[in-house]
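Worksheet: the structure to be examined is printed underneath.
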Amino acid sequence: MQSTAICDKTKGIATAADIPLGKLVLFNVFYEIFTLCTSIIAEAPNGTLYHARNLDFGLFIGWDTDNDKWALTEKLRPLIINVDYQSGGKTVARAVYFTGYIDVLTGVKPVMLTLSMNERFQLDGEQFFIYKAARNSIMTEELLAPSYFILGGNSSGQGCVITRPRETMDNLEESSGTVQCFL
Ligand SMILES: *[C@@H]1O[C@H](CO)[C@@H](O)[C@H](O)[C@H]1NC(C)=O
Ligand SMILES: *[C@@H]1O[C@H](CO)[C@@H](O)[C@H](O)[C@H]1NC(C)=O
């Protein structure tokens, strides 16, 4: 999905920040092949939706015996940033990133939608902002890696866990994908 745009963004950042392109690409594909993170979506009896995630990144790569923690995870933790997308001085969407990571792993459109993924996903313009369109897009777009997505809407019952093979889920019977929704 939108791989040309991702390539252009990667090249642009490499040029602007004077970082070798290969280094930036390596950092971005590393997440594809090495991650154990997960997300949950739940609904309280009063209809309030909760969407939470962790980012288990950097496990098993060197143990810091001084602090009893994974060494790479400790180095990555300060790189996590919250980004506000603003239009006319107002926040229209929020996302959590590893600094230098090109894609969005966790996004919130206030009062409309929350989305987290546990491999890689490119948000697709307006579709991000509407729960059903987002659900449809997540099920039908071809992906770079097998992934699972946790999607929350802005109303009671709007929660889904979508497990995706790399190819599309047009034929659920033949693919290894599953869709589990509140509704
Ligand atoms: C709904 O319930 C949750 C959990 O008990 C609580 O934290 C939240 O404030 C409640 N929301 C409203 C709008 O009452
Ligand atoms: C939920 O989002 C839709 C757009 O997807 C919007 O039209 C609607 O007003 C929102 N509902 C609430 C309760 O915020």
Side-chain angles (χ1 to χ4, degrees), residues 1-2 28 31-32 34-60 64 67-70 72-141 143 145-165 169 172 175-183:
M1 287 155 51
Q2 298 181 344
N28 277 273
Y31 186 76
E32 305 275 349
F34 196 84
T35 177
L36 291 170
C37 54
T38 192
S39 306
I40 58 164
I41 184 136
E43 184 174 330
N46 64 10
T48 299
L49 289 171
Y50 293 90
H51 187 157
R53 79 158 304 149
N54 69 348
L55 269 171
D56 283 341
F57 193 23
L59 303 189
F60 312 123
D64 176 353
N67 296 313
D68 278 347
K69 288 180 180 153
W70 295 109
L72 185 60
T73 307
E74 286 185 303
K75 291 213 164 16
L76 287 167
R77 189 170 291 119
L79 295 182
I80 295 175
I81 51 168
N82 293 316
V83 176
D84 274 22
Y85 293 86
Q86 299 204 333
S87 174
K90 285 181 76 178
T91 296
V92 292
R94 294 199 179 97
V96 184
Y97 286 91
F98 284 117
T99 311
Y101 189 74
I102 307 295
D103 239 329
V104 173
L105 298 172
T106 311
V108 177
K109 170 77 179 165
V111 306
M112 282 195 194
L113 200 78
T114 63
L115 175 67
S116 64
M117 64 128 348
N118 297 89
E119 277 289 359
R120 162 176 281 217
F121 182 57
Q122 288 91 50
L123 298 175
D124 210 354
E126 283 297 302
Q127 290 188 339
F128 172 45
F129 305 122
I130 301 164
Y131 174 77
K132 279 192 176 157
R135 191 173 69 186
N136 193 42
S137 172
I138 288 167
M139 286 165 65
T140 53
E141 297 283 350
L143 302 175
S147 310
Y148 61 99
F149 298 89
I150 290 77
L151 179 67
N154 66 1
S155 308
S156 173
Q158 293 187 340
C160 266
V161 177
I162 299 171
T163 311
R164 274 287 315 264
M169 286 174 69
L172 254 180
S175 78
S176 55
T178 57
V179 181
Q180 293 165 298
C181 298
F182 291 163
L183 285 180

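We count ligands from 1, going down the list as the structure has it; atoms in each ligand are counted the same way. Count residues from 1 along the sequence.
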**Request:** Grab the two heavy atoms, one from E43 and one from S156, that are nearest each other, plus how far apart they are.
**Result:**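 It is OE2-OG, 2.5 Å.
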Using the test side-chain contact (heavy atoms from CB on, under 4.5 Å), find all partners of [X] that sit at least two apart in sequence or belong to another chain.
X: T48; answer: A44, N46, Y50
X: I80; answer: L55, V96, F98
X: D84; answer: Q86, T91, R94

**Prompt:** Once you round to the nearest 0.5 Å, how far does SG of C160 lie from NZ of K132?
**Reply:**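 With rounding to 0.5 Å, SG (C160) is 10.5 Å from NZ (K132).
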Present, as a list of atom pairs with distances to 0.1 Å, all nitrogen or oxygen contacts under 3.5 Å between ligand 1 and the protein.
from     : atom 1 : to  : atom 2 : distance (Å)
ligand 1 : 2 (O)  : N46 : OD1    : 3.4
ligand 1 : 2 (O)  : N46 : ND2    : 2.4
ligand 1 : 7 (O)  : Y50 : OH     : 3.2
ligand 1 : 11 (N) : N46 : ND2    : 2.9
ligand 1 : 11 (N) : T48 : OG1    : 3.3
ligand 1 : 14 (O) : N46 : ND2    : 3.3

**Request:** Check the pair I138 / L115 against side-chain contact (heavy atoms from CB on, under 4.5 Å), numbers first and verdict last.
**Result:** CA-CA 10 Å; I138 288 167; L115 175 67; 3.6 Å; yes
